[in-house]
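Down below is the structure, laid out as C-alpha cells.
Nothing here was measured: the structure is a model prediction, and the numbers come from that model.
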Amino acid sequence: MAKPAQGAKYRGSIHDFPDFDPSQDAEALYTAMKGFGSDKEAILELITSRSNRQRQEVCQSYKSLYGKDLIADLKYELTGKFERLIVGLMRPLAYCDAKEIKDAISGIGTDEKCLIEILASRTNEQIHQLVAAYKDAYERDLEADIIGDTSGHFQKMLVVLLQGTREEDDVVSEDLVQQDVQDLYEAGELKWGTDEAQFIYILGNRSKQHLRLVFDEYLRTTGKPIEASIRGELSGDFEKLMLAVVKCIRSTSEYFAERLFKAMKGLGTRDNTLIRIMVTRSELDMLDIREIFRTKYEKSLYSMIKHDTSGEYKKALLKLCGGDDDAAGQFFPEAAQVAYQMWELSAVARTELKGTVRPANDFNPDADSKALRKAMKGIGTDEDTIIDIITHRSNAQRQQIRQNFKSHFGRDLMADLKSELSGDLARLILGLMMPPAHYDAKQLKKAMEGAGTDEKALIEILATRTNAEIRAINEAYKEDYHKSLEDALSSDTSGHFRRILISLATGNREEGGEDRDRAREDAQEVADTPSGDKTSLETRFMTILCTRSYPHLRRVFQEFIKMTNYDVEHTIKKEMSGDVRDAFVAIVQSVKNKPLFFADKLYKSMKGAGTDEKTLTRIMVSRSEIDLLNIRREFVEKYDMSLHQAIEGDTSGDFLKALLAVCGGED
C-alpha cells in the first residue's frame, strides 16, 4: 500500500486487508476461474479488497501454487471494461502507468490526453519509477519513444517532465517569485509572439510551493490568472499540457476530480480515463478527490459512477471509490472543511468583471448613421455592415447613433432595423440597440404576457441584477408600459414565488460587507428550522437571501456548511420545489459565482436537441458590457469547450456572425 508522507494522513480508499493470506487468496481466485465460466463477483470482491502490495503477493503465490500467470488467466476469463479494470489493479502503479503510456503511443495516432494526465500529475519519485518500469516491461527507452511520437513545444515539455527533476524545496525566495512572474509576463503578454521556452523552464522545474506563489503574484501583477495567459499565448496540445500542469500545481486532487467528472458527463463514458484514474488514485488521494468532487459538482463521485456504469464493472468501481458522500445531500466532515476553505478563498478573491463589447475608438456617430442607412436602403439589406457596426459599439454609442440617425434622416433607426431584419438576428440586434434597463424591462414584460409565464426569465433577471440595475428597470418599465413592475408581478404570479420576486424587484438589497456575528445568526436561523416545515423555511430563506449583501451571504453559506455539513443549495433543493426552489437556487448560485451561473445557463440553452435562442440572446445582450469575458472563462473551464465553439456548433447564418462578434473571441 502507498505510504503517506511522514506525519500525513493516509487518504486512499483501499487499505491492506486484515488477516491477509496470499496462498488462500490465490486458491480462491483459481477456484473462481476453474471450469466453465468464472465467478466474477468473487474475483472483484477479492481484488478490490486488497492493497496493491498484497495483490503482488497473490500473483507470486498463484504462480508458485499453479505454475500459471494470474494476470494472463484473468485476461482469458474476463472481457471488456471489467477486464481492463481488474488487470489494471493487478499491476504495480508504475507498471500500470507504463502500460497506459505504451497504449497511448502505440499504433496509429497518439492519445495525447493520457500522456498529459500521467506526466503532468506524477511526483518526481513516481516519474522515476515509471521510466524504470517502462524499460523493464518493454525493453525500450520511454523518453526516446515519446520523442518519436510527439513534436514541437508539446514534446519539449513532456521531456522536461520525464526527467522528474522538479524542485522539492519548500523554502521559497520572494525575489525569485517576482523574477519568474516578470519572465512569464514578458514571455507572453508583453511579447510579439510567445517565448515558450520560459513557460517550459519555469512550469517544468520550479517547486509546487514556489509556483503557487508565482500564480498568486501573477494575478496581482497582471490582473489575470496564469491560465488566461496560457490560453491566450499557447495553443493545441501544448496549451492543454501547460493548463494541466498548472491545475496539478494548484491541486492534483481537484485536477482528477475534474477529469472524472468530464469522463462521465454528457453522452457516453470515457471508460479508459475513468478506469485509469480510479485504479491509480485509489491508494493515493481518492478521499481528497471525492471531497472536491462532491463540493465542486454538488453530487458524489459514487452516485455519478452508479448512474453512469453497469454490471460487475460498476460494482468494482464503487468498491474503489470507497463510499457515498451524497446521503441526502450531506457532506462528510472532511468535505465540509474543503467547502469551508473554498468559501474562505472566494470571500477574499476580487475578480475584475469585464465585458466583451467596449466603446469603439475614433467613434463617429454621423458616419455610422450614414453607413446603416446605406445598408438598409434600396433592394436587399447589407446585414454584414449592420452586424459590424452595432456589435462593435458600446450601448452608449448606439444611443448616440439612434439620435443622429433621427436628426439626419428623420427616421427611427429601431423601426428601420425592425422592418429590414427578421427572426433571431432581429431580436439580437434590436436588443443591443435598447438601453439595458429598457431591454430588461421588455424581457420581463414578454415573460409575463400571453398564455403562461416564463418563470425562468423572471428569475434570471431579478435574481442577478444589482440594486442600481433593478431601480433603473423599475423606471423603464413604468415609462414603457405605464404600469409598475410590482403590479405586473403581483397580477401574474402567486404565493411565496410572488413574494420573492417582489422583494427582489424593490432593489433594496444591503450593500455593505460581511458581518460575521450576524452571518452566524442568519445561518443558525435557517439551520434551526425543522426539516419538513416548508413554509417557515421559505420565509426565513426569503428574508435572508433577498435582502443581505453578496459578501455577507457568502459568509452565511460558509457558516451554514460549518454548522450542518450541508451546502445551502442542497438544503433548498431537498426541502423546496417548483418556482420557489428555482428562484432561491438562482440567488445562491449568483452569489457564489455570477459568471458561472450565466455560463451554465448559456450551456443549457445550447445543449441537446434544439436551441433556446431567447435565453441565449438575452444573456449575450445583457452581459456583453458587464461580465461576458468572465462568463467565457467559466464556460471553457467547466465545459472543456469555449463559448465561441458552442455558439459556432449550435447556430448559423447572420445570427451566428452577430453572436460571435458579441462573444468577442475564441478561448
Aromatic plane relationship, Y603 with Y639 - under 30° parallel, 30 to 60° tilted, over 60° perpendicular: parallel
pair I461-I473: side-chain heavy atoms closer than 4.5 Å: yes
Among M606, E460, K456, M620, side chain to side chain contact (heavy atoms under 4.5 Å, CB included) partner for T615: E460
N467 side chain reached by N508 side chain, heavy atoms, under 4.5 Å: no
Test side chain to side chain contact (heavy atoms under 4.5 Å, CB included) applied to L301 and M286, step by step: CA-CA 10 Å; L301 175 59; M286 185 57 72; 4.0 Å; yes
D487 and S484: CA distance, side-chain angles, deciding distance, side-chain hydrogen bond (donor to acceptor under 3.5 Å, both in side chains) verdict: CA-CA 5 Å; D487 287 346; S484 74; 3.1 Å; yes
Backbone of R206 reached by a side-chain donor or acceptor of R166 within 3.5 Å: yes
Identified side chain to side chain contact (heavy atoms under 4.5 Å, CB included) partner of L545 from the options I500, V591, I587: I587
Flag side-chain contact, heavy atom, 4.5 Å: Y297 against K265: no
Backbone N/O of L320 and side chain of S13: donor-acceptor pair under 3.5 Å: yes
Short side-chain to backbone donor-acceptor contact, T529 and E525, under 3.5 Å: yes
Exercise: do E217 and T221 side chains pair donor with acceptor under 3.5 Å: yes
Check: K594 main-chain N/O paired with Q589 side-chain donor or acceptor under 3.5 Å: no
Within-4.5 Å side-chain heavy-atom neighbours: F560 and Q524: no
Basic-acidic side-chain contact under 4.0 Å: E569, K573: yes
T617 side-chain N/O to K614 backbone N/O, donor-acceptor pair under 3.5 Å: no
Side chain to side chain, V556 and R520, heavy atoms closer than 4.5 Å: no
Close side-chain approach of E258 and E637, heavy atoms under 4.5 Å: yes
Side chain proximity check, R259 to R276, heavy atoms < 4.5 angstrom: yes
R581 with E538: basic N within carboxylate O range, under 4.0 Å: no
Sidechain-backbone polar pair: E469 side chain, T466 backbone, donor-acceptor under 3.5 Å: yes
R548 backbone acceptor or donor facing H552 side chain under 3.5 Å: no
Any D522 side-chain heavy atom under 4.5 Å of R555 side chain: no
